[in-house]
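Each remark here refers to the structure printed beneath this line.
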Amino acid sequence: MCGENATMETRFNMYPPCPRVDNVLGFKPHADGSAFTFLLPDKNAEGLQFLKDGKWYKAPTLQDTFLILVGDMTEIMSNGIYKSVIHRVVTNKEKERISVATFCNADADKEIQPIDGPVSELRFHPITVPHVDGLPAGTETPSDIPVTLWKFFTEAFDLTRDQVEAAVRALKPDLILFDLAHWIPEVAREHGVKRVPPPGYPSSKLYRAHDAHALLSFSVYYKSGQPPKGAKTIQEALPEGFEERVKGRGVVWGGWVQQPLILAHPSVGCFVSHCGFGSMWESLVSDCQIVLLPYLVDQVLNTRLLTEELEVSVEVEEKKQDGSLKESLSDAITCL
Ligand SMILES: O=C(O)CCC(=O)C(=O)O
Ligand SMILES: [Fe+2]
């Protein structure tokens, strides 16, 4: 990457005590021209600061620890994906400060350019996720929040449509790869751009406006072996009297279960599931009739695959505004 004659140079910095700390900097703001810098800061005197979003942040003084700084050459070679870091050193009234910086540089005769491969084509275009009530401040992706709050993320993500359209207009892409934003096909069509849904899924009739609502329509999420947040046991999270009401007809179980063994039991004729990836396969290899109630992310697409492309299942269609599913669920099961 840095050529055969890559070099390493070391600089020893000494900052004497300075009585005018407000007016004098030890090292003015700069980014290193290197590919990387290994920096050993003084463990007894602070002074190094980094610039992020227009604010200076102090680097910690850590014992026996190198800081690795991205330099300009890496910024160029990664086509701006890794940014070289702007840093400075402020002075200290009482203490002298010493640091050792080792710069790893590319071959001086080598012309630096974005390295070959997909990295040279990649550009990140930031999209700001707007705030909606219920979404914790600073949420940028679904992985920042628990799954029970994803419905707010879906709502907020729908509000980024203008930003995404502006990016499509400015960048004029050939293709849009996307997953769950149901409005992407519409945007792509308006701008004459091809679109590619996630691999492995059917190509047509994938996304409907109400997919987002499918993500919104359930509020309780149980994971086997793990009670929902705020409850110590599965039983504690159930509506009052539920266990009593289903006694003799149903079993409430909080641990892991071998789902294929249950599906293979002669008394089980129909499997109602959210159609996560595991349950999708387990239902396909079972002899059960399949009724699907997708709830979020891949479940929506798995359901579409089984119901529309393979035609081996029935999807519970109508999701009532008040969240009650009794009739549509019963219709789906009895139509089999
Ligand atoms: O003294 C430090 O901590 C930083 C030194 C530095 O930025 C440099 O030598 O390029
Ligand atoms: Fe530096």
Side-chain angles (χ1 to χ4, degrees), residues 1-129 137-141 143-144 163 167 170-171:
M1 185 172 105
C2 291
E4 276 178 16
N5 297 318
T7 60
M8 286 176 98
E9 278 171 63
T10 296
R11 175 158 68 211
F12 296 84
N13 299 298
M14 204 278 280
Y15 309 89
C18 172
R20 301 186 59 196
V21 288
D22 293 336
N23 299 319
V24 181
L25 281 172
F27 214 132
K28 67 179 186 189
H30 68 285
D32 296 344
S34 56
F36 290 101
T37 304
F38 292 91
L39 183 66
L40 187 62
D42 196 316
K43 60 178 188 277
N44 298 315
E46 56 182 31
L48 179 64
Q49 297 184 343
F50 294 101
L51 187 64
K52 185 169 187 289
D53 301 330
K55 267 180 152 172
W56 287 102
Y57 293 88
K58 278 185 198 173
T61 47
L62 299 166
Q63 191 133 2
D64 305 326
T65 306
F66 277 111
L67 298 176
I68 301 176
L69 276 52
V70 169
D72 291 341
M73 289 181 185
T74 297
E75 178 164 339
I76 294 165
M77 289 188 281
S78 72
N79 202 18
I81 291 172
Y82 299 107
K83 300 264 185 282
S84 63
V85 56
I86 295 177
H87 52 286
R88 70 178 184 185
V89 178
V90 295
T91 41
N92 196 305
K93 229 179 219 159
E94 285 96 31
K95 286 189 197 161
E96 153 185 296
R97 183 174 177 278
I98 290 174
S99 72
V100 182
T102 298
F103 305 97
C104 306
N105 303 314
D107 185 338
D109 298 327
K110 189 175 180 266
E111 195 171 312
I112 301 291
Q113 57 185 343
I115 55 171
D116 287 341
V119 84
S120 60
E121 307 304 327
L122 279 179
R123 295 265 155 73
F124 288 97
H125 186 95
I127 304 261
T128 307
V129 178
T139 303
E140 291 179 339
T141 72
S143 55
D144 295 337
Q163 294 180 59
L171 302 168

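One-based numbering, in listed order, for ligands and for the atoms of each. Fair warning: this is a prediction, and the values are worked out from it, not measured in the lab. One-based numbering along the sequence shown.
Contact of the Thr91 side chain with the Tyr15 side chain is not registered, since no non-hydrogen atoms from C-beta on lie closer than 4.5 Å. Proximity of Pro17 to Glu94: side-chain heavy atoms (C-beta onward) are nowhere separated by under 4.5 Å. A heavy-atom distance below 4.5 Å is found between the side chains of Ile86 and Trp56.
Among protein heavy atoms, the minimum distance from atom 4 (C) of ligand 1 is reached at Val89 CG2, 3.7 Å. Scanning the protein for heavy atoms near atom 8 (C) of ligand 1, the closest one is Arg11 NH2, 3.2 Å. The shortest contact between atom 3 (O) of ligand 1 and any protein heavy atom is with Arg97 NH2, 2.9 Å.
Remark: ligand 1 atoms within the under-4.0 Å shell around heavy atoms of Ala101 are 9 (O). Residue contact check: Ser99 has heavy atoms under 4.0 Å from atoms 1 (O), 2 (C), 3 (O) of ligand 1. Atom numbering of ligand 1 starts at 1 in the shown order; those under 4.0 Å from a heavy atom of Tyr15 are 1 (O), 2 (C), 4 (C), 5 (C). Taking every heavy atom of His87 and a limit of under 4.0 angstrom, the matching atoms of ligand 1 come to 7 (O). With ligand atoms numbered from 1 in the order given, ligand 1 contributes 1 (O), 5 (C), 9 (O) to contacts under 4.0 Å with heavy atoms of Asn13.
The closest approach of His30 to the Fe ion (ligand 2), by N/O/S atoms, is made by NE2.
Between Phe50 and His87, the ring-plane angle classifies as tilted under the 30° and 60° cut-offs.
Atoms CG and CG, on Leu62 and Leu40 in that order, are 10.5 Å from each other to the nearest 0.5 Å. Separating the CD1 atom in Ile76 from the CD atom in Glu111 is a distance of 10.0 Å, to the nearest 0.5 Å.
Rounding to the nearest 10°, we obtain 90° for the angle at the Fe ion (ligand 2) between Asp32 OD1 and His87 NE2.
With no hydrogens or angles considered, a side-chain donor-acceptor pair links Ser84 and Asp72 at under 3.5 Å.
Ligand 1 lies less than 4.0 angstrom from a heavy atom belonging to His30.
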